[in-house]
Amino acid sequence: MENESSITSVESIESPSAPDAKVDCETMGLQWIDSSPEVEDNTIRLLDAELAVRLRVLPIAIEQGRLLVAMLNPADIEASDELATVTQYPITRCGMDKQIFSELMRKHYGTTAARMAESLGGDAQDSDTLDHNVDAIETDNILVMAEQPTLINLVNLLLLEAIQQRASDVHIEPFETELKVKYRVDGVLVEQTPPPKHLQAALTGRIKIMSSMNIAERYVPQDGHIALRFEGRKVDIRVSTVPTLYGESVVMRILDKSTLPLDLLSLGMDQEMQDKMDKLIEKPHGLVLVTGPTGSGKTTSLYAALNKLYDPRKKIITIEDPVEYELNGINQIPVNPKRGLTFAAGLRSILRQDPDIVFVGEIRDGETADISIRSALTGHLIFSTIHTNDAVSSIGRLVDMGVEPYLVASVLEGVLAQRLGRKICKECKQQVPISNDLSHRLTPEERTMFTAGMWIGKGCDKCNNSGFSGRVGFFELVVIDPQVRSAISDNRTASDLTALLPDAHVTMRADAIKKAVNGITTIGEVLRATQDVDSE
């Protein structure tokens, strides 16, 4: 049974109440506070930060033996009852303006993982005398340390801050004299203030407890899962541990469905290419591939396609490794090789489920490729991903896996290649003259497109001074027309196939450059994301 916790932000609390919260409060006969009141220190000490933030309450004063409490949602009787139990005071509820409430919460309960880790590090030994042999720590001791409330709060805050910063992953890396914590934000790792080295075993132990792993096993890789409630929404976290020289390295992949853009336009695809893609995914049968390296957003693009195709009259089944996001109305199967459920075995079973549309998470081998191709031949619409540098190369990869060229030509309808680049922060975007080191890496035709200068992000509080906020896709779409289909059947080379593409074909580099000209991304991001395509 999976664990489910609840964490809420001190720094950015969103009110669940309607815009007319004041009217609702007065209707219930409760006091409404729209100016900042004096908050007594002795009442603040009645609650710790984690409980105050989780319940979204702020104790203001003790009046005639009752605790006056401001609540973001004064109608939340369960929170009021829990508060009464914890504080041992009868509760008088009141409403408060959301902005004032947030400011007071930050003032009285504001904390960060860095500050909490620092406060926990007071008894740390000198790094020269610290025993770095994690094997010497008994499992029972780790269990006791991992259940300490302050350490529980530290792990919650690490996850909380990662979600707030839109991080996709949290990395906890052990080294000889330090423990590093990094958040992957917009595809780039950002180092955080590290917790003390002596907390390593307890921190790792706490994460393993939360993700239902074996806390006593420290010498083999483990995988786990955490389900969190964050500001009223579900956030899934996939956890992986591997043993290293100085302890276990932990990576937590944050899967926040609320941040998943489930339409191709919000992924950065222009309208013309989206219209072509729509025609591909609406075909009654055939094979549509999305290609690119790991982390290029392939699965997200196909989720967007499946979301668009969803219809109660159609049976849609996916087989994935692992299932990253749950899609409403779609049957999703997680791969489990240990029990014999591989892509190939699962795909065979799926075809006996009378599906209309099938999404195969990845074509990794000849058997999966062969079954996918033959499924498309028998009237199914198959979506899948494959690892190649560009769209045309995926055709040769299928042939290399043992699929006959004439079969590929018969079923393949289109291939979408993509990469991800960081978007310029809208708050600090500015145009500057193009630098020489970037200029000489552009073609003469591309340089003429930047005569007015290039766009960059200067860096501001909104983007943590990175100059970037979010990511955008760079796309190349190859639609298989009769001429290209005939060339595939003849087993022509990738360069021959590329030469047959129409003049209007937009390469990935051209799509990315267009986004840099329009101020969506930078030239540096274009060069970084598409350099392997250029080398082809």
Side-chain angles (χ1 to χ4, degrees), residues 1-14 16 49-51 53-56 73 76 78-79 82 113 142-143 146-149 151-172 181 183-185 202-215 217 221-242 248-262 299-300 303 306-307 318-336 338-339 341 361:
M1 184 169 178
E2 65 187 33
N3 294 333
E4 180 158 328
S5 305
S6 176
I7 56 174
T8 314
S9 164
V10 177
E11 311 296 335
S12 78
I13 296 176
E14 294 298 326
E50 207 229 345
L51 184 64
V53 173
R54 178 168 65 81
L55 298 180
R56 301 185 184 191
N73 182 12
D76 190 348
E78 288 184 8
E82 184 174 346
I142 294 175
L143 193 60
E147 293 293 351
Q148 295 298 315
L151 194 96
I152 292 172
N153 288 343
L154 173 60
V155 174
N156 283 350
L157 280 166
L158 281 173
L159 294 173
L160 166 71
E161 290 185 346
I163 295 168
Q164 281 183 311
Q165 293 183 32
R166 301 174 295 99
S168 60
D169 303 85
V170 178
H171 292 243
I172 300 175
V181 174
Y183 296 160
R184 188 177 293 280
V185 181
L203 196 64
T204 305
R206 178 62 199 163
I207 292 168
K208 290 168 79 172
I209 290 170
M210 291 173 71
S211 50
S212 302
M213 292 184 188
N214 183 353
I215 193 172
E217 181 56 77
Q222 293 189 65
D223 294 305
H225 174 260
I226 302 171
L228 293 175
R229 287 283 169 189
F230 174 74
E231 294 185 348
R233 66 181 189 267
K234 184 181 178 184
V235 177
D236 290 313
I237 299 176
R238 202 166 67 231
V239 185
S240 169
T241 67
V242 294
E248 289 174 286
S249 172
V250 181
V251 175
M252 294 179 279
R253 166 65 57 88
I254 298 170
L255 304 170
D256 187 355
K257 190 175 179 180
S258 68
T259 64
L260 183 70
L262 282 179
T299 303
T300 304
Y303 276 174
L306 292 174
N307 191 58
T318 77
I319 180 162
E320 307 170 57
D321 183 21
V323 174
E324 295 200 5
Y325 295 93
E326 296 175 17
L327 301 174
N328 292 332
I330 294 174
N331 298 276
Q332 295 174 271
I333 303 171
V335 165
N336 191 341
K338 291 179 181 177
R339 297 192 174 183
L341 182 54

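Index from 1, following the sequence.
Between the CD1 atom of I207 and the CD1 atom of I215 there is a distance of 11.0 Å, given to the nearest 0.5 Å. Put simply, OG1 on T241 and CD1 on I172 are 11.0 Å apart, with the number rounded to the nearest 0.5 Å. In this structure, the separation between OG on S240 and NE2 on H171 is 10.0 Å, given to the nearest 0.5 Å. The CG atom of N73 sits 11.5 Å away from the CG atom of L55 when rounded to the nearest 0.5 Å. Atom CG of residue L159 and atom CE of residue M252 lie 5.0 Å apart, to the nearest 0.5 angstrom. The distance from the OG1 atom of T300 to the CG atom of N307 is 12.0 Å, given to the nearest 0.5 Å.
Closest of all the heavy-atom pairs between L203 and L151 is N-CD2, 4.0 Å. P334 and L341 get closest at one heavy-atom pair: O-CD2, 3.3 Å. The nearest pair of heavy atoms linking D223 to M213 is C-CE, 3.6 Å. V155 and R206 get closest at one heavy-atom pair: CG2-CG, 3.6 Å.
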Quiz item: Yes or no on side chain to side chain contact (heavy atoms under 4.5 Å, CB included) for N214 and K208, after CA distance, side-chain angles and deciding distance?
Solution: CA-CA 7 Å; N214 183 353; K208 290 168 79 172; over 6 Å; no
Quiz prompt | Test log, rule side chain to side chain contact (heavy atoms under 4.5 Å, CB included), inputs V170 and I237 | solution = CA-CA 10 Å; V170 178; I237 299 176; over 6 Å; no
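Annotation: salt bridge (charged side-chain N to carboxylate O under 4.0 Å, His left out) contacts of D256 (sequence neighbours excluded): R233. For E326, there are no side-chain hydrogen bond (donor to acceptor under 3.5 Å, both in side chains) partners two or more places apart in sequence or in a different chain. Under the rule for a salt bridge (charged side-chain N to carboxylate O under 4.0 Å, His left out), R238 has no partner lying at least two apart in sequence or in another chain. Residues satisfying the side chain to side chain contact (heavy atoms under 4.5 Å, CB included) test with P221, not counting sequence neighbours, are V242, P243. E217 is linked by a salt bridge (charged side-chain N to carboxylate O under 4.0 Å, His left out) to nothing, counting only residues two or more places apart in sequence or in another chain. In this structure Q332 satisfies the side-chain hydrogen bond (donor to acceptor under 3.5 Å, both in side chains) test together with E320, sequence neighbours excluded.
Checking side-chain atoms of Y183 against main-chain N and O of L158 turns up a donor-acceptor pair under 3.5 Å.
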